[in-house]
Amino acid sequence: MWSRIDAIEAGQVESLWVAEQLGRPIAKAWNAIGSGSFATKGKPAGSPDRIALPVAADRENDRSMVMALVEDTGLDAFDAGTLVDSWRQQPGAPCYCTDLSREEMPAALASAERERLPRRRELAIEAIMERVGDSATNPDSDYTVRLTRALFM
């Protein structure tokens, strides 16, 4: 069971809250890709169908280091700016678990509508839970990508 975090409910960006709790800088990456895509869709650099991930951090050095790590995992790293804007890569946002390319990422980040994220996230959870149904059926990663593209973009 999870509990309510008042600061986040009041609108604080989750990444900033986490950095405060840890008392140190953080970088945000890999949250915007599903585990199935992460496990199977990495490609060599330069591949035309390579998936991009947004990377946010307040310190340029942190962002650069994490972007290099993302590239090492077979994904294109996209500079998503600072943590204050990292809500644009949260569940419900157009770049969240939609397996976008580097070329598609800027428009996805720019089109995110913060006030719509919670409802879109809840719709996705409801659809996945309905699909799982009896707990014996697990939708594959392609289903999740199709669903999140339909709901979040």
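Numbers for residues simply follow the sequence, beginning at 1. Quick caveat, the model's predicted, so the values are computed rather than measured.
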Legend entry - Rounded distance (nearest 0.5 Å) linking atom OG of Ser141 with atom CZ of Arg146: 9.0 Å

Legend entry - Hydrophobic cluster identity match, Tyr96 and Leu147, side-chain contacts under 4.5 Å: yes

Legend entry - Candidate pair Leu83 and Ile26, rule side-chain contact (heavy atoms from CB on, under 4.5 Å), full reasoning: CA-CA 9 Å; Leu83 293 178; Ile26 66 165; 3.7 Å; yes

Legend entry - Over all atoms of both residues, closest heavy-atom pair of Arg114 and Gln12: NH2-C, 4.0 Å

Legend entry - Least distance between heavy atoms, Met105 atom then Pro54 atom: CE-CD, 3.8 Å

Inset, instruction - Please confirm whether the backbone N or O of Pro44 pairs with a side-chain atom of Ser47, one donor and one acceptor, at under 3.5 Å? - result: yes

Inset, instruction - Run the numbers on Leu75 and Phe38 for side-chain contact (heavy atoms from CB on, under 4.5 Å), then give the verdict. - result: CA-CA 9 Å; Leu75 306 164; Phe38 184 61; 3.9 Å; yes

Legend entry - For the student: nearest non-hydrogen atoms of Gln89 and Asn31, plus distance: O-ND2, 2.7 Å

Inset, instruction - Find out whether Arg131 and Tyr143 are in side-chain contact, i.e. whether some heavy atom of one side chain is under 4.5 Å from a heavy atom of the other. - result: yes

Inset, instruction - To the nearest 0.5 Å, tell me how far Glu122 CD sits from Met129 CE. - result: 11.5 Å

Legend entry - Asp62 and Arg24 ion-paired at < 4.0 Å: no

Inset, instruction - Flag yes if Val145 and Ile128 sit in one hydrophobic cluster, no otherwise; membership is Ile, Leu, Val, Met, Phe, Trp, Tyr, and two members link when side-chain heavy atoms are under 4.5 Å apart. - result: no

Inset, instruction - Go through the steps to decide whether Gln21 and Leu16 satisfy the test side-chain contact (heavy atoms from CB on, under 4.5 Å), and finish with yes or no. - result: CA-CA 9 Å; Gln21 300 310 300; Leu16 293 173; over 6 Å; no

Legend entry - For the student: nearest non-hydrogen atoms of Trp87 and Leu117, plus distance: O-CD1, 3.4 Å

Inset, instruction - Would you give the length of the straight line joining atom CZ of Arg116 to atom CZ of Arg121, rounded to the nearest 0.5 angstrom? - result: 14.5 Å

Legend entry - Separation of Asp140 CG from Thr40 OG1 (nearest 0.5 Å): 9.5 Å

Legend entry - Heavy-atom check, side chain of Val13 versus side chain of Trp17, under 4.5 Å: no

Legend entry - Student check: side-chain heavy atoms of Ser101 and Glu104 closer than 4.5 Å: yes

Inset, instruction - Please round to the nearest 0.5 Å and tell me the distance separating atom CZ of Arg149 and atom SG of Cys97. - result: 11.5 Å

Inset, instruction - Take Arg63 and Thr82, measure what side-chain contact (heavy atoms from CB on, under 4.5 Å) needs, and give me the verdict at the end. - result: CA-CA 9 Å; Arg63 191 176 318 112; Thr82 62; 3.9 Å; yes

Inset, instruction - Would you mind checking if Glu71 and Arg50 are paired as a salt bridge, meaning a charged N to carboxylate O distance below 4.0 Å? - result: yes

Inset, instruction - Nearest 0.5 Å please: distance from the CD1 atom of Ile33 over to the NZ atom of Lys41. - result: 8.0 Å

Legend entry - Backbone of Ala108 reached by a side-chain donor or acceptor of Arg88 within 3.5 Å: no

Inset, instruction - Report yes or no: do Val70 and Met65 belong to one cluster of Ile/Leu/Val/Met/Phe/Trp/Tyr joined by side chain heavy-atom distances under 4.5 Å? - result: no

Inset, instruction - Give a yes or no on whether a salt bridge exists between Glu126 and Arg119, defined as a side-chain N under 4.0 angstrom from a carboxylate O. - result: yes

Legend entry - Leu69 with Phe78, same ILVMFWY side-chain cluster at under 4.5 Å: no

Legend entry - Single-linkage hydrophobic cluster, 4.5 Å side-chain cutoff, Val84 and Val66 together: no

